[in-house]
Amino acid sequence: MMDRVLLWAGIAGSLIFVATVLLGAMAYPGYSHLSNAVSELGQRGAPHAVGVATGFGIAAFLSGAFGLGVIRAARPDERMLRLAGWLLVAYAVPAILSGTVFPMDPFGTGMTLPGILHSVFVALAALSVIALLVVGGRALRARHRWFTGYSGVSIAAMLAGGALSGISGFYGMNILGAAERLTQASYLLWMMVFAGLLLKHREAPAESFPGTQG
């Protein structure tokens with residue numbers, strides 16, 4: 001029962017993150033999903049920053065709980081699946097810190113230590129997610145070969161979103177929000193699909209994911 005609850009946390013965490021972004025944007029006058037960064041919702045001085053930080057923190061915590069569920073559900077020979085679980089935990093730690101303790105510095109203001117650490121932890125979370133998608137796609141490749149390809153497409157979409165973010169800043173294009181949402185939607189949806197597949201197949205305790213030893 002506990003394993004199923006922890007696996008469901010992977011779906012709940014993604015949904016709470018999306019709900020936090022949508023509700024935070026509604027409470028932020030003039031905020032645009034196209035041009036404004038997601039982190040602006042929780043930056044210093046933002047309306048309802050505490051509520052937004054709470055939502056982001058809960059979402060990240062649930063991702064870490066999902067990671068523990070993956071670790072607990074992995075059988076002794078499923079090393080890649082267990083590694084995917086640890087990568088989820090590794091993602092959750094900097095995601096919690098960047099979303100709660102260390103808010104983003106508002107654009108156009110001086111850099112602060114919390115703002116610098118926010119950028120560092122965001123980068124660490126992003127690297128953990130990319131590694132997660134690589135490992136997670138490989139962990140389920142024997143049973144769901146399509147999932148490996150889907151993981152590759154998700155990584156490509158994440159990288160494209162990151163590239164667009166850089167381009168928007170360099171050329172002054174108002175698409176930063178859209179670029180970030182492409183990146184975030186790619187891995188949030190992946191986590192939900194990953195959780196769904198694990199929930200489906202853990203119903204059959206006698207079965208395993210062959211080929212996940214890798």
Next on the checklist: Counting C-beta onward and ignoring hydrogens, is there a side-chain heavy-atom pair between Leu198 and Val70 closer than 4.5 Å?
Outcome noted: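 Yes, at least one pair of side-chain atoms sits under 4.5 Å.
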Next on the checklist: Would a single hydrophobic cluster contain both Leu41 and Phe61, if residues Ile, Leu, Val, Met, Phe, Trp and Tyr are joined by side-chain heavy-atom contacts under 4.5 Å?
Outcome noted: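 Shared cluster, no.
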Side-chain donor/acceptor of [X] to backbone N/O of [Y], under 3.5 Å:
| X | Y | answer |
| --- | --- | --- |
| Glu180 | Gly177 | no |
| Asp105 | Thr112 | yes |
| Gln43 | Met104 | no |
| Ser63 | Ala59 | yes |
| Ser98 | Phe121 | no |

Give, for atom [atom1] of [X] and atom [atom2] of [Y], the distance between the pair rounded to the nearest 0.5 Å.
| X | Y | atom1 | atom2 | value |
| --- | --- | --- | --- | --- |
| Leu176 | Leu164 | CG | CG | 10.0 Å |
| Thr183 | Ile155 | OG1 | CD1 | 12.5 Å |
| Tyr150 | Phe194 | OH | CZ | 12.0 Å |

Checklist entry - Above 12 or not: heavy atoms from other molecules or residues under 6.0 Å from CZ of Arg44? => result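 Enclosed: over 12 neighbouring heavy atoms sit under 6.0 Å from CZ of Arg44.
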Checklist entry - What's the shortest heavy-atom distance between Ile16 and Gly55, and which atoms? => result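 For Ile16 and Gly55, the tightest heavy-atom pair comes out as CG2-O, 3.7 Å.
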Checklist entry - Using the ring of each side chain (for Trp, its six-membered ring), is Tyr31 parallel, tilted or perpendicular to Tyr28, with breaks at 30° and 60°? => result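 Rings of Tyr31 and Tyr28: tilted, as their planes differ by 30° to 60°.
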Item to check | Within the 6.0 Å centroid threshold, strictly below: Phe147 and Trp190 | outcome: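 When the ring centroids of Phe147 and Trp190 are compared, they turn out to be within the sub-6.0 Å range.
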